[in-house]
Novice: 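My structure is below; once you've seen it, I'll send some questions.
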Amino acid sequence: MGGTTWHPASQGCGVLLCSYIRRMVIMAEKMEVEMEEKKVEDYHESQLYRIRHSAAHIMAAAVLDEFPDAKFAIGPPIEHGFYYDFDLPRPLTEDDLQVIEKRMKQMLRQNRQFEYEEISPEQAKELFANQPYKLELIRDILQGGTDEYGEKSEEAPKLSIYKSGDFVDLCRGPHVDSSNQINPKAVKLLNVAGAYWRGDADRPMLQRIYGTAWEKPAELQEYIAWIEEVKKRDHRRLVRELDLISFHEEAGAGLAYWHPRGALMRKTIEDFWRDRHMEGGYDLVYTPHIGKSWLWETSGHLDFYKESMYSPMEVDKMDYYVKPMNCPFHIMIYKTQLRSYRELPLRWAELGTVYRFEKSGVLHGLMRVRGFTQDDAHIICTPNQIEEEVLRVLRFSLAMLRAFGFESIQAYLSTRPDKAAGEPARWEQAQESLRRAIDAEGLTYEVDEGGGAFYGPKIDLHIKDALGRSWQLTTIQFDFNLPERFDMTYVGEDGAEHRPYMVHRALLGSIERFFGILVEHYGGAFPVWLCPEQARLIPIADRHIAYAREVEDQLRQAGLRAKTDASASRMGAKIRDAQLMKVPYMLVVGDREAEEGTVAVRLRSEANLGAMPVADFVARAQQAIHDRTLE
RNA sequence: GCCGACGUAGCUCAAUCGGCGGAGCAUCCGCCUUGUAAGCGGAGGGAUGUGGGUUCGAUUCCCACCGUCGGCUCCA
């Protein structure tokens with residue numbers, strides 16, 4: 001094994017970061033440190049948690065002032081703030097939010113005490129007689145079911161309330177002692193959104209107000225700046241501005257169109273992916289986009305996945321379905337021959353484009369689409385190959401993610417749910433192999449007991465982007481179901497037929513979503529190797545265009561993606577255009593450069609490197625490409 | 001799918017109370033021949049998302065649909 005660390009030089013982001021990227025990395029690190037600290041002291045025990053929880057109560061009090069008939073649901077602290085769900089007689093507007101925020105801040109200044117009190121079930125029911133949601137919570141708490149946060153409560157049922165001013169809420173706390181511990185200048189209401197009571201689509205739709213609260217006003221400002229940066233990096237804006245991808249409502253929601261620049265990046269990603277797979281012992285396959293109902297009946301998708309599949313199309317009086325997954329097709333290839341244990345493991349990879357019906361409300365740029373390309377592969381092996389295959393695929397995944405600049409990786413192991421297909425012994429073996437692989441790679445991980453799919457345990461890998469947000473990319477997933485359904489077998493040493501193990505895995509998830517994450521991670525300023533245009537020749541006057549084209553040609557011969565800006569604009573405008581397109585190298589050529597056979601190199605970080613021979617520039621750029629750095 | 005908001009030129013946004021839809025950028029055409037983030041001038045560009053309704057008259061008010069956004073839900 002081994003050989004899965006590609007280009008060790010590509011550690012971190014390099015030194016010549018654009019200033020704003022550097023700022024954001026620092027901020028993300030800071031937030032990460034903040035998160036780590038929170039973990040250490042336990043966010044739930046922290047003062048910040050009390051502040052947010054208490055701010056939620058005060059907000060509810062302010063809402064009650066505006067809407068005396070308001071019904072209250074729950075109002076917990078969350079990652080960067082808090083929310084509270086209400087049932088109100090009319091929809092809230094932006095103006096309402098401002099009024100509520102103002103009222104809330106007045107209340108915060110009133111030095112309201114938060115007083116804890118335990119009450120009897122009878123008192124509780126009387127106190128909240130007009131609050132149906134609270135009554136439901138009381139009932140559930142008494143039944144030892146779920147608590148205010150919808151989490152399972154194991155403690156003996158105990159009801160408590162918190163009073164602040166004349167506002168009383170069913171709550172287990174903790175809270176600040178007094179509202180003067182909350183700085184009104186560090187509190188802000190953010191937005192209103194719909195939310196189902198207890199997240200259940202069959203229950204009433206409530207109005208949720210999101211707010212944020214911090215210990216110091218400066219932290220609030222920092223958080224607002226972070227939100228601004230998130231907006232600035234929104235891939236939906238950037239893919240348009242950088243002329244990478246578009247969507248067309250007339251032609252269908254959730255379907256991405258790759259423009260030449262985006263397509264070039266995609267090709268770069270896919271070429272890299274294929275090359276690494278070939279090196280890594282995978283074989284490539286291609287399979288059709290549609291399949292007859294037999295295939296989906298056999299796989300079981302028509303039973304349990306139909307709501308995500310598009311309606312069938314009739315061909316020769318038979319139903320054909322567009323594929324939502326590639327696995328059944330790979331299995332068809334497997335079954336073309338009698339397989340021997342000697343040819344296992346088989347590792348078949350495909351950039352397979354699938355279509356899944358997603359409800360209109362969940363579509364979101366490239367992150368959630370209706371047609372996408374999975375970087376899929378299936379590993380088919382014998383029981384005693386499991387251990388090595390799992391470790392191998394995990395290492396491969398980590399190398400892949402790191403190659404794209406994601407260094408912070410967290411693993412999640414999901415184990416056998418109550419209802420599961422396949423023999424428990426196989427589950428056990430599979431889970432252990434996953435666990436040992438994670439340990440062998442020294443990853444920290446969390447276990448989601450019973451969180452696996454019914455057909456097998458899995459490892460998910462989440463990365464953290466430059467803004468400190470985490471995204472699930474890789475999934476490595478055992479399947480004990482499909483080999484049974486398709487009756488996959490191999491002939492063992494003993495001459496008898498055996499059932500192989502099958503592992504699905506996608507490393508990047510889908511090319512579309514991964515691309516969106518890359519765009520946001522780098523804010524559109526990609527590492528040089530991924531840039532659709534790596535260098536732009538900027539002739540100062542028209543008489544320099546010929547030399548610029550000559551250099552452009554040399555760069556192309558050297559394998560660089562270069563273009564000449566022969567527009568009528570002035571140099572300053574050309575530089576501005578190139579900056580906005582985040583081209584890493586701007587090569588200014590005028591009389592001096594043409595004379596000396598050089599290029600004046602400007603980086604998008606705004607560093608001006610001065611003139612250098614073309615060959616020197618090529619060497620520099622090739623180094624950056626090889627190292628996969630930003631420059 | 002559900003709740004709410006939104007939809008005006010390729011992009012970002014104007015348009016008073018329901019009274020002849022504008023600007024900047026971009027595009028095109030000229031002039032300028034430029035040394036590190038926007039040179040100057042001119043022109044073209046719109047069924048105001050789609051379909052109905054109210055009205056003498058609808059970008060504006062009402063309804064439905066499509067799409068987008070903030071969430072919820074779902075996620076083999």
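Chain A is the first sequence line, chain B the second, and so forth, proteins listed ahead of strands; every chain is numbered from 1.
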Novice: Where do Leu630(A) and Val528(A) come nearest, in terms of heavy atoms and distance?
Specialist: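 Shortest heavy-atom contact: O-CG2, 3.5 Å.
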Novice: For Tyr223(A) and Trp226(A), take the angle between the two ring planes, folded into 0 to 90°, and tell me which bin it lands in: parallel under 30, tilted 30 to 60, perpendicular over 60.
Specialist: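 Tyr223(A) and Trp226(A): parallel rings.
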Novice: I'd like to know if Asp234(A) and Arg236(A) make a salt bridge, using a cut-off of under 4.0 Å between side-chain N and carboxylate O.
Specialist: yes
Novice: Expected output check: what is the dot-bracket annotation of RNA chain B, where ( ) and [ ] are pairs inside the strand (brackets for crossing ones), | is paired with another strand, and pairs are Watson-Crick or G-U under 3.5 Å?
Specialist: (((((((..((((.....[..)))).(((((.......))))).....(((((..]....))))))))))))....
Novice: Please measure how far the P atom in C63(B) lies from the corresponding atom in U54(B), and state the result in whole Å.
Specialist: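 Straight-line distance between the two P atoms is 15 Å.
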Novice: Classify the angle between the aromatic ring planes of Tyr455(A) and His504(A) as parallel (below 30°), tilted (30 to 60°) or perpendicular (above 60°).
Specialist: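 Taking His504(A) first and then Tyr455(A), their aromatic rings stand perpendicular (interplane angle over 60°).
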Novice: If you measure from the C1' atom in U16(B) to the same atom in C11(B), how many Å do you get, rounded?
Specialist: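 27 Å, rounded to whole Å.
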Novice: Quote, to the nearest angstrom, the C1' distance that separates G45(B) from C61(B).
Specialist: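 My reading of the C1' atoms in G45(B) and C61(B) gives 30 Å.
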Novice: Check for a donor-acceptor pair, side chain of Lys574(A) on one end and backbone N or O of Asp565(A) on the other, with a separation under 3.5 Å.
Specialist: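 Here the side-chain-to-backbone pair exists.
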Novice: Walk me through it: do Glu595(A) and Arg592(A) pass the test salt bridge (Lys or Arg N to Asp or Glu O under 4.0 Å)?
Specialist: CA-CA 5 Å; Glu595(A) 179 76 19; Arg592(A) 291 200 295 276; over 6 Å; no
Novice: Taking G1(B) as the reference, what is the distance to A38(B) when you measure between their P atoms (whole Å, please)?
Specialist: 47 Å
Novice: Just how far, in rounded Å, is C1' of C3(B) from OH of Tyr83(A)?
Specialist: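 Those two atoms, OH and C1', are 15 Å apart.
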Novice: Would one find a side-chain N or O of Arg602(A) under 4.0 angstrom from OP1 or OP2 of A37(B)?
Specialist: yes
Novice: Answer with yes or no after comparing the ring centroid distance for Tyr257(A) and Phe247(A) against a 6.0 Å cut-off, counting only values under it.
Specialist: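 Ring-ring flag for Tyr257(A)/Phe247(A): false, centres at least 6.0 Å apart.
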Novice: Indicate, with a heavy-atom threshold strictly under 4.0 Å, whether Asn191(A) touches base, sugar-phosphate, or nothing.
Specialist: sugar-phosphate
Novice: At their closest point, which heavy atom of Tyr133(A) faces which heavy atom of Ala73(A), and how far apart are they?
Specialist: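 Reported closest heavy-atom pair: CB-CA, 4.0 Å.
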Novice: Return the nearest nucleotide to the side chain of Ala193(A); candidates are G70(B), G35(B), C75(B).
Specialist: G70(B)
Novice: With a 3.5 Å cut-off and heavy atoms only, can you find an N or O donor on one side and an acceptor on the other between the side chain of Gln207(A) and the base of G71(B)?
Specialist: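 No, no donor-acceptor pair under 3.5 Å.
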Novice: Taking only side-chain N and O atoms of Tyr210(A), does any of them lie within less than 4.0 angstrom of OP1 or OP2 on C72(B)?
Specialist: yes
Novice: Is the distance between the ring centroids of His53(A) and Phe82(A) under 6.0 Å?
Specialist: no
Novice: At under 4.0 Å, does any side-chain N or O of Arg237(A) touch on OP1 or OP2 of U68(B)?
Specialist: no
Novice: Centroid separation under 6.0 Å, is that true for the rings of Trp471(A) and Phe514(A)?
Specialist: no
Novice: Check the distance between G1(B)'s P and Glu307(A)'s CD and give it to me in whole angstrom.
Specialist: 15 Å
Novice: Please give, in whole Å, the distance from A5(B) P to Asp95(A) CG?
Specialist: 12 Å
Novice: So, Phe86(A) versus Tyr84(A), ring centres under 6.0 angstrom or not?
Specialist: yes
Novice: Would you jot down, in residue-number order, the residues of residues 352-367 of chain A having a non-hydrogen atom under 4.0 Å from RNA chain B?
Specialist: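 Correct list: Lys359(A), Ser360(A), Gly361(A), Val362(A), Leu363(A), His364(A).
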Novice: Reckon Glu593(A) touches a base, only the sugar-phosphate, or nothing at all at heavy-atom distances under 4.0 Å?
Specialist: base
Novice: Please report, rounded to the nearest Å, how far the P atom of C72(B) is from the OH atom of Tyr84(A).
Specialist: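 Nearest whole value for this atom pair: 18 Å.
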Novice: Is the shortest distance from a Lys or Arg side-chain nitrogen in Glu389(A) or Arg505(A) to a carboxylate oxygen in the other one below 4.0 Å?
Specialist: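 Salt bridge: no.
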Novice: How long is the line joining CZ of Arg513(A) and P of C75(B), in whole Å?
Specialist: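 Nearest whole value for this atom pair: 16 Å.
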Novice: To the nearest Å, how far apart are Asp591(A) CG and U33(B) C1'?
Specialist: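 The distance from CG of Asp591(A) to C1' of U33(B) comes to 11 Å, rounded to the nearest Å.
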Novice: Roughly how far, to the nearest 0.5 Å, is CG of Leu92(A) from CD of Gln207(A)?
Specialist: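 With rounding to 0.5 Å, CD (Gln207(A)) is 4.0 Å from CG (Leu92(A)).
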Novice: Rounded to whole angstrom, note down the C1' distance from U48(B) over to C20(B).
Specialist: 15 Å
Novice: In whole Å, what is the span from the CD1 atom of Ile78(A) to the C1' atom of G71(B)?
Specialist: 11 Å
Novice: With no angle test and no hydrogens, is the base of G1(B) tied to the side chain of Tyr196(A) by a donor-acceptor pair under 3.5 Å?
Specialist: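 Indeed there is one.
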Novice: In this structure, are over 12 heavy atoms from other groups packed under 6.0 Å from Lys188(A) atom NZ?
Specialist: no
Novice: Using heavy-atom distances to pick each residue's nearest nucleotide on RNA chain B, tell me which of Ser308(A) and Arg208(A) is more 5'.
Specialist: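 Nearest-nucleotide comparison on RNA chain B picks Arg208(A).
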Novice: Please give the distance between the C1' atoms of C62(B) and U55(B) as a whole number of Å.
Specialist: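 These two C1' atoms come out 12 Å apart once rounded.
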Novice: With a non-hydrogen cut-off below 4.0 angstrom, is Arg90(A) in contact with a base, only sugar-phosphate, or nothing?
Specialist: nothing
Novice: Can you list every salt bridge (Lys or Arg N to Asp or Glu O under 4.0 Å) pair that touches residues 246-263 of chain A, not counting sequence neighbours?
Specialist: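 Found Arg261(A)-Glu533(A).
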Novice: May I have the list of side-chain donor-acceptor pairs in residues 411-418 of chain A shorter than 3.5 Å, sequence neighbours left out?
Specialist:
| from | atom 1 | to | atom 2 | distance (Å) |
| --- | --- | --- | --- | --- |
| Thr415(A) | OG1 | Glu449(A) | OE1 | 2.9 |
| Thr415(A) | OG1 | Gly450(A) | N | 2.8 |

Novice: Can you sort out which residues in residues 569-579 of chain A have a heavy atom within less than 4.0 Å of RNA chain B? Ascending by number, please.
Specialist: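 By residue number: Arg570(A), Met571(A), Gly572(A), Ala573(A), Ile575(A), Arg576(A), Gln579(A).
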Novice: Identify, between Asp542(A) and Met325(A), the residue whose nearest nucleotide on RNA chain B lies closer to the 5' end.
Specialist: Asp542(A)
Novice: Please give, in whole Å, the distance from C75(B) P to Met309(A) CE?
Specialist: 17 Å
Novice: When we call it a touch if two heavy atoms are under 4.0 Å apart, what does Asp479(A) touch: a base, just sugar-phosphate, or nothing?
Specialist: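 Since no nucleic acid heavy atom lies under 4.0 Å of Asp479(A), the category is nothing.
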Novice: What distance, rounded to whole Å, do you find between the two C1' atoms, one in C69(B) and one in G49(B)?
Specialist: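 Approximately 15 Å lies between the C1' atom of C69(B) and that of G49(B).
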Novice: List in numerical order all residues of residues 238-258 of chain A for which some heavy atom is under 4.0 Å away from an atom belonging to RNA chain B.
Specialist: Arg240(A), Glu249(A), Ala253(A)
